[in-house]
Amino acid sequence: MVDDFESASDNVKKLAEETVGRCVGLPLQILHYGYLILMSGIDVKDPKLLQWLQHFKIPAQKPWLDYLKNEVPPELKKSLHRQEKENKDCPQHEDKIFGTILKTMEDCPPSECDCPPSECDLIKIFSFFNLFPKDHEIPARRLVTLFDAERLVKCDKNKTHKVLVQHYLKALSGLTLIQAVEMNIDDEVKKCRLPSALREHFFFESVSDKHFVSVSDKHLAHHCHVTGINSSDLKTMNKELISCLSFDPREGYKPGEDVRKFLQEAIASGCFRSLKVLDLEHVFRPQLPNTIGQLNQLKYLGLRWTYLEEIPSSIGNLLNLQTLDVKHTYVRILPKSIWKLQKLRHLYLSQSHRSKFESQPKASSLNNLETLWGLFLDDVSAIKNGLNKLKNLTKLGLTFELELSKQEKVESWVKDLTNLESLRLRSIDEKGDAQNLRVMDLSKLKKLSSLYLFGSFGMRHYLFNKYPPHLSDLTLSASGLVDDPMPILGELSELKSLCFYFGSYKGKEMSLKGFPNLLVLKLWKLESLEELQVEAGAMPKLKELDIS
């Protein structure tokens, strides 16, 4: 290959040296830079160039290589050979890159989503990645939040922003323009990152492009700490800011004080009057001022992993709030004013710190709530005092410290939630250890696909006949099953993931039969299990087997 390189044209040598240098010789990074060849003006039919690309083992099915091998359309070839000065002065210079990406995306296999982004939308989507620190693993849920705030795509059909974001992330990952760091059982992107090489090209070389400036004016990100922005900065800040994210890595009391001061000044200055997203995830104990209630356009308040201890009662003034995330915090009691938030759709609470509601005022309700995750109950009166009115829940995570007789009230509430798709039930004692869990009849929940149960059934495997037939994800922990449940579970034709955790099964043998679509099987800390029998033809699609 060295001889081939030496005999290559000067243009090919220059391109190879620059690309390998910037990518530190990493094949995946080199692949990410493949699209630069389209901007180089080099003859894409050059056999030496194709040899060089294949040397780095770029898969033949990759759309980029396929595109390079094909004839370049005349209109694109013309734009590629414009004078450098024209390229530099032309505001559409960067659009050529995104236009090429869109053209390549069109060649990808069709998906369920029929709402493709425009070039301007695609630029904004990539700009969202620039809000996060370099090499940061970005949860897809945070991108969904930004996407929703920006309202990038208007779709005729009933497609959620989550569906749209997943479509774009899959397409961009397939083109190796982003890295999918973690996927879920349904092959959706859970975490992703923008490769450093692409980040440099898109942002450090294109930051002056007008598209990026307009987007940056609307999205504020703190990559160090909020003291980096002072009062004079606030005066010149765009009054139409849509989102504000902070990535302050410090601990101690300073981050909280700085956040409080910054928010107070930003709210007082009026630069947050249009703010829709305030995301302080991982900022250590931010102090929220009472004036936060003035952010009446806010749709998302993200406080996950902040270890925050309380939320000001003025949160009840955020009448447009759709998502409140206090997962992994020290918030124990939500203010009663939370019941005023008629548009609230997603509420994530701190399961480990027993977060719960105050009683519902008579004139208030959360009729639009779809997600209620991490709620703690130690008194069934909360059900009749407001929870029983939450009829539109699709996702419910519930932890309770209740006697078996009182768990009947929980069952009566849950089995009427006919829109439920995901359910987590945890029965614990005062120390947080598993205690008895009532066997609930969930057979009427036809949409339920994901079920997690923590607690001892004290029953045999016939309880599975009480569960809906369309489960795709089932997790059991501390269940104390005596009889082998696999003969019944193996008949669930849609089951994709099955997890048995500590104490869930006390038998010595398991016999695996059926499971036509099972992808993941986890057997953790089943101390009595000695023999696992797998019949011929069982689990034909299994991808992951974890026994520990």
Side-chain angles (χ1 to χ4, degrees), residues 124 127-128 130-133 136 142-143 145-151 207 212-326 329 331 335 337 341 343-344:
K124 291 179 181 178
S127 74
F128 289 160
N130 198 35
L131 294 173
F132 295 84
H136 190 81
R142 299 185 78 175
L143 292 173
T145 299
L146 294 168
F147 203 86
D148 185 49
E150 188 75 21
R151 291 283 176 182
V207 71
F212 287 96
V213 172
S214 65
V215 171
S216 298
D217 280 348
K218 292 187 178 182
H219 302 279
L220 178 65
H222 304 126
H223 285 199
C224 294
H225 50 82
V226 295
T227 51
I229 296 182
N230 53 40
S231 300
S232 60
D233 293 324
L234 291 171
K235 291 179 181 179
T236 59
M237 198 175 291
N238 191 334
K239 304 300 182 182
E240 304 300 323
L241 274 172
I242 291 178
S243 64
C244 177
L245 294 81
S246 183
F247 302 93
D248 192 335
R250 301 171 298 162
E251 293 189 5
Y253 68 92
K254 283 294 291 180
E257 288 187 356
D258 289 344
V259 165
R260 177 182 55 79
K261 181 180 178 182
F262 170 70
L263 289 178
Q264 282 182 332
E265 293 184 359
I267 293 170
S269 70
C271 67
F272 274 11
R273 64 188 179 188
S274 299
L275 198 68
K276 295 181 179 180
V277 174
L278 178 58
D279 193 346
L280 304 177
E281 185 167 328
H282 280 287
V283 176
F284 190 72
R285 296 193 179 181
Q287 298 174 20
L288 302 180
N290 286 327
T291 53
I292 195 172
Q294 297 179 25
L295 303 179
N296 52 23
Q297 297 300 314
L298 202 64
K299 295 169 59 177
Y300 179 94
L301 180 55
L303 302 167
R304 184 176 295 207
W305 289 111
T306 61
Y307 303 105
L308 190 73
E309 295 183 346
E310 61 180 1
I311 298 175
S313 60
S314 63
I315 193 174
N317 297 328
L318 304 179
L319 299 182
N320 286 300
L321 195 66
Q322 295 181 7
T323 300
L324 174 61
D325 190 344
V326 293
T329 66
V331 174
S337 60
L341 305 180
K343 294 185 179 181
L344 194 66

Tabulate below the donor-acceptor pairs under 3.5 Å that side-chain atoms of residues 279-289 make, not counting sequence neighbours, or state none.
{"from": "Asp279", "atom 1": "OD1", "to": "Arg142", "atom 2": "NH2", "distance (Å)": "3.4"}
{"from": "Asp279", "atom 1": "OD1", "to": "Glu281", "atom 2": "N", "distance (Å)": "3.1"}
{"from": "Asp279", "atom 1": "OD2", "to": "Arg142", "atom 2": "NE", "distance (Å)": "2.9"}
{"from": "Asp279", "atom 1": "OD2", "to": "Arg142", "atom 2": "NH2", "distance (Å)": "3.1"}
{"from": "Glu281", "atom 1": "OE1", "to": "Arg141", "atom 2": "NH1", "distance (Å)": "3.0"}
{"from": "Glu281", "atom 1": "OE1", "to": "Arg141", "atom 2": "NH2", "distance (Å)": "3.3"}
{"from": "Glu281", "atom 1": "OE2", "to": "Arg141", "atom 2": "NH2", "distance (Å)": "2.8"}
{"from": "Arg285", "atom 1": "NE", "to": "Tyr307", "atom 2": "O", "distance (Å)": "3.4"}
{"from": "Arg285", "atom 1": "NH1", "to": "Glu309", "atom 2": "OE2", "distance (Å)": "3.3"}
{"from": "Gln287", "atom 1": "OE1", "to": "Arg260", "atom 2": "NE", "distance (Å)": "3.1"}

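For Gln297, the side-chain hydrogen bond (donor to acceptor under 3.5 Å, both in side chains) test picks out no residue, with sequence neighbours left out. For Asn320, the side-chain hydrogen bond (donor to acceptor under 3.5 Å, both in side chains) partners at least two apart in sequence or on another chain are Lys343. For the side-chain hydrogen bond (donor to acceptor under 3.5 Å, both in side chains) test, no residue two or more places apart in sequence or in another chain qualifies with Ser314. With sequence neighbours left out, Ser274 forms a side-chain hydrogen bond (donor to acceptor under 3.5 Å, both in side chains) with Glu240.
A distance of 10.5 Å separates CG in Asn296 from CG in Leu275, rounded to the nearest 0.5 Å. Summarising the geometry, atom CD belonging to Gln294 is positioned 11.5 Å from atom CG belonging to Leu263; distances are rounded to the nearest 0.5 Å. Note: Leu298 CG to Asn317 CG = 12.0 Å, rounded to the nearest 0.5 Å. Thr291 contributes atom OG1, which lies 4.0 Å from atom CD1 of Ile267 (distance to the nearest 0.5 angstrom). Atom CD1 of Ile292 and atom CZ of Phe272 lie 10.0 Å apart (nearest 0.5 Å). Rounded to the nearest 0.5 Å, atoms CG (Leu303) and OH (Tyr300) are 8.5 Å apart.
Sorted by first then second residue, the salt bridge (charged side-chain N to carboxylate O under 4.0 Å, His left out) pairs that include residues 293-303, not counting sequence neighbours, are Asp148-Lys299.
Taking 4.5 Å as the limit, some side-chain heavy atom of Leu143 sits within range of a side-chain heavy atom of Phe132. Within the 4.5 Å cutoff, the side chain of Leu301 has no heavy atoms near those of the Ile311 side chain. Inter-residue side-chain proximity for Leu318 and Leu324 is flagged as unmet; no heavy-atom pair is nearer than 4.5 Å.
A 6.0 Å sphere centred on CD of Gln264 holds more than 12 heavy atoms belonging to other residues, nucleotides or ligands.
When every heavy atom of Ala266 is checked against every heavy atom of Ser269, the shortest pair comes out as O-OG, 2.9 Å. Taking both residues in full, the closest heavy atoms of Ser313 and Pro335 are given as CA-CB, 4.0 Å, listed atom of the first, atom of the second, then distance.
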